[in-house]
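The block underneath contains the structure these notes are about, expressed in structure tokens.
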Amino acid sequence: SYPVVNRDHSATLLSDQGQHRVGIETNNRGFGFLNVTQFFNAFNDNLLKQMLIFGTAIGGLWANQIGEGGQAIASLCLAVPFVLLSGFAGQFSDRYSKRTVMVTAKTGEVLIGIVALAGFLLVNLWLVITAMVLISIQSTFFSPAKYGILPEITEEKLLSRANGTINMFTYIAAILG
């Protein structure tokens with residue numbers, strides 16, 4: 001399943017079972033694109049984490065490099081930056097344009113993806129771990145900007161529904177990633 005933005009700026013979730021309209025109707029195309037962007041942000045985070053977990057598991061690419069319990073490192077690489085930097089990231093999004101923060105974060109995500117790809121191609125555990133930490137930092141800065149921009153791009157009466165829709169896409173991406 002993956003989301004697609006429609007001409008009316010709503011989002012459709014495509015799956016093997018067909019199309020399912022989800023989300024809210026809005027005259028602002030930014031909301032649909034925000035949902036698609038958030039979907040891929042969460043998907044990339046979780047896909048990289050899962051690949052790192054499988055690579056460090058018994059019989060994985062890096063099982064002999066990291067020792068028992070190495071899979072926990074992937075989870076820590078994703079969680080620790082959120083815990084340490086969330087407060088600062090929220091202040092950063094309040095101080096600077098949320099749109100600029102989001103565009104910069106997404107540009108960073110592409111560059112980090114290249115680092116992760118290089119790590120996998122070179123079978124370099126430490127390069128992949130570095131990419132995992134960087135993608136987590138990127139997501140830490142993207143998240144408050146994403147939620148902070150919602151009141152600017154949706155009507156007040158639709159704000160709760162908008163939050164629910166973006167969370168739905170996040171959970172679907174996390175499950176698929």
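Keep in mind that what you see is a predicted model, and the values were worked out from it rather than measured. One-based numbering along the sequence shown. Values below: all heavy atoms of this structure, side chains included; hydrogens, waters and symmetry mates excluded.
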Are [X] and [Y] in one and the same hydrophobic cluster, where Ile, Leu, Val, Met, Phe, Trp and Tyr link if side-chain heavy atoms are under 4.5 Å apart?
X: Leu176; Y: Leu78; answer: yes
X: Phe169; Y: Phe43; answer: yes
X: Val115; Y: Phe120; answer: no
X: Val128; Y: Met51; answer: yes
X: Ile135; Y: Val36; answer: yes

What pairs meet the ring-ring contact (aromatic ring centres under 6.0 Å, His included) rule with one or both residues in residues 144-168, with sequence neighbours excluded?
none
If you compare all heavy atoms of [X] against all heavy atoms of [Y], which two are closest, and at what distance to 0.1 Å?
X: Val101; Y: Ala145; result: CG1-CB, 3.8 Å
X: Leu159; Y: Pro151; result: CD1-N, 3.8 Å
X: Phe39; Y: Ala173; result: O-CB, 3.0 Å
X: Pro144; Y: Thr140; result: CD-O, 2.9 Å
X: Leu127; Y: Asn124; result: N-OD1, 3.0 Å
X: Gln38; Y: Phe142; result: OE1-CE2, 3.2 Å

From [X] [atom1] over to [Y] [atom2], what is the distance, rounded to the nearest 0.5 angstrom?
X: Lys146; Y: Met102; atom1: NZ; atom2: CE; value: 8.5 Å
X: Leu47; Y: Leu52; atom1: CG; atom2: CG; value: 11.0 Å
X: Leu34; Y: Ile153; atom1: CG; atom2: CD1; value: 5.0 Å

Only one of Ile112, Leu48, Ile129 passes side chain to side chain contact (heavy atoms under 4.5 Å, CB included) with Leu134; say which it is.
Ile112
Donor-acceptor under 3.5 Å (Thr130 side chain, Trp126 main chain):
yes
Is the backbone of Thr37 close enough, under 3.5 Å, to the side chain of Asn41 for a donor and an acceptor to pair up by distance?
no
Is there a side-chain contact (heavy atoms from CB on, under 4.5 Å) between Leu158 and Phe31 once you walk through the steps?
CA-CA 11 Å; Leu158 298 174; Phe31 181 73; over 6 Å; no
Verdict with reasoning, Ile53 to Ser75, per side-chain contact (heavy atoms from CB on, under 4.5 Å):
CA-CA 8 Å; Ile53 286 172; Ser75 295; 4.3 Å; yes
Inspect the surroundings of CZ in Phe82 and state if more than 12 heavy atoms from other residues, nucleotides or ligands are less than 6.0 Å away.
yes
Looking at residues at least two apart in the chain, or sitting in another chain, which of them share a ring-ring contact (aromatic ring centres under 6.0 Å, His included) with Tyr96?
Phe92
